[in-house]
Amino acid sequence: MTIDELLELDDDAQIEYLNGQLDDGKSVDEICADLSTTRMDMARVGFFVVKNRFMLKPTRGYARTKPTKLG
């Protein structure tokens with residue numbers, strides 16, 4: 001599977017696939033290599049790893065690029 005094919009799946013299927021790969025004994029770096037991507041690129045599309053489990057950012061695609069002033 002490539003990263004593009006993974007992103008075509010719905011959110012639940014994406015997480016199920018990634019965590020299934022971890023359950024099969026692969027490391028995060030091995031999964032990224034299989035997807036032909038990097039951890040940094042995975043973070044850019046909304047995936048992050050906590051305690052060796054993949055999770056999705058709550059609001060994928062939204063990133064604050066610079067600090068804003070409040071008030």
Side-chain angles (χ1 to χ4, degrees):
M1 179 177 290
T2 65
I3 188 69
D4 293 328
E5 293 169 335
L6 179 69
L7 293 175
E8 289 177 9
L9 302 173
D10 66 17
D11 292 350
D12 292 333
Q14 292 171 359
I15 292 300
E16 184 178 320
Y17 172 79
L18 294 170
N19 286 327
Q21 293 291 304
L22 289 172
D23 293 340
D24 289 344
K26 289 188 176 184
S27 71
V28 174
D29 292 327
E30 289 172 331
I31 295 168
C32 290
D34 289 346
L35 294 171
S36 301
T37 190
T38 64
R39 279 183 182 231
M40 187 66 81
D41 288 339
M42 292 288 282
R44 286 186 184 117
V45 294
F47 298 103
F48 62 101
V49 180
V50 175
K51 295 186 180 180
N52 207 37
R53 299 304 289 172
F54 278 96
M55 301 187 137
L56 285 173
K57 290 182 181 177
T59 53
R60 292 171 72 179
Y62 294 94
R64 198 169 75 182
T65 57
K66 62 182 179 180
T68 58
K69 292 183 180 179
L70 299 175

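Every heavy atom of this structure was used, including side-chain atoms; hydrogens, water molecules and symmetry mates were not. Everything numeric in this text was worked out from a predicted model, so none of it was measured. Along the sequence shown, the residues carry numbers beginning at 1.
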Student: Quick check: does any side chain N or O of E8 sit under 3.5 Å from a backbone N or O of E5, one acting as donor and the other as acceptor?
Tutor: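 Not a single qualifying donor-acceptor pair exists.
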Student: Quick one: pull up CZ in F54 and CD in Q21 and give me the separation to the nearest 0.5 Å.
Tutor: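 Output value for this atom pair is 9.0 Å.
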Student: Under the side chain to side chain contact (heavy atoms under 4.5 Å, CB included) test, which residues partner E30, sequence neighbours left out?
Tutor: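 K26, S27.
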Student: Flag the pair D34 / M1 as yes when at least one side-chain heavy-atom distance between them is below 4.5 Å, and no otherwise.
Tutor: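 Side-chain contact under 4.5 Å: no.
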Student: Who else is in the cluster with M40 when I, L, V, M, F, W and Y are joined by side-chain contacts under 4.5 Å?
Tutor: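 None; M40 is a cluster of one.
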Student: Listed by chain and number, what are the side chain to side chain contact (heavy atoms under 4.5 Å, CB included) partners of A13, not counting sequence neighbours?
Tutor: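 A13: side chain to side chain contact (heavy atoms under 4.5 Å, CB included) contacts with L9, D10.
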Student: Would you say M42 and L18 make side-chain contact, with heavy atoms under 4.5 Å?
Tutor: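 In short, these two side chains touch, coming nearer than 4.5 Å.
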Student: Report the residues that fulfil side chain to side chain donor-acceptor pair (under 3.5 Å) with D23, sequence neighbours left out, ordered by chain and then residue number.
Tutor: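 By the side chain to side chain donor-acceptor pair (under 3.5 Å) rule, D23 matches R53.
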Student: Any idea which heavy atoms bring L22 and N52 closest together, and the distance?
Tutor: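 Closest heavy-atom pair between L22 and N52: CD1-O, 3.1 Å.
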Student: Between atom CG of N19 and atom CD1 of I31, what is the distance when rounded to the nearest 0.5 Å?
Tutor: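 That separation rounds to 8.0 Å.
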Student: Which heavy-atom pair separates T37 from D41 by the least distance, and what is that distance?
Tutor: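 That would be OG1-CB, 3.1 Å.
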Student: What residues, two or more places apart in sequence or in another chain, satisfy side chain to side chain donor-acceptor pair (under 3.5 Å) together with S36?
Tutor: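 Listed in chain order: nothing, the list is empty.
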Student: What are the two closest heavy atoms between F47 and L7, and how far apart are they?
Tutor: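 Minimum heavy-atom separation between F47 and L7: CE1-CD2, 3.9 Å.
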Student: Residues two or more places apart in sequence or in another chain: which of them pass side chain to side chain contact (heavy atoms under 4.5 Å, CB included) with F48?
Tutor: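 Result, side chain to side chain contact (heavy atoms under 4.5 Å, CB included) vs F48: V50, M55, K57.
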Student: Among all residues two or more places apart in sequence or in another chain, which pass the side chain to side chain donor-acceptor pair (under 3.5 Å) test with D24?
Tutor: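 Expected list: none.
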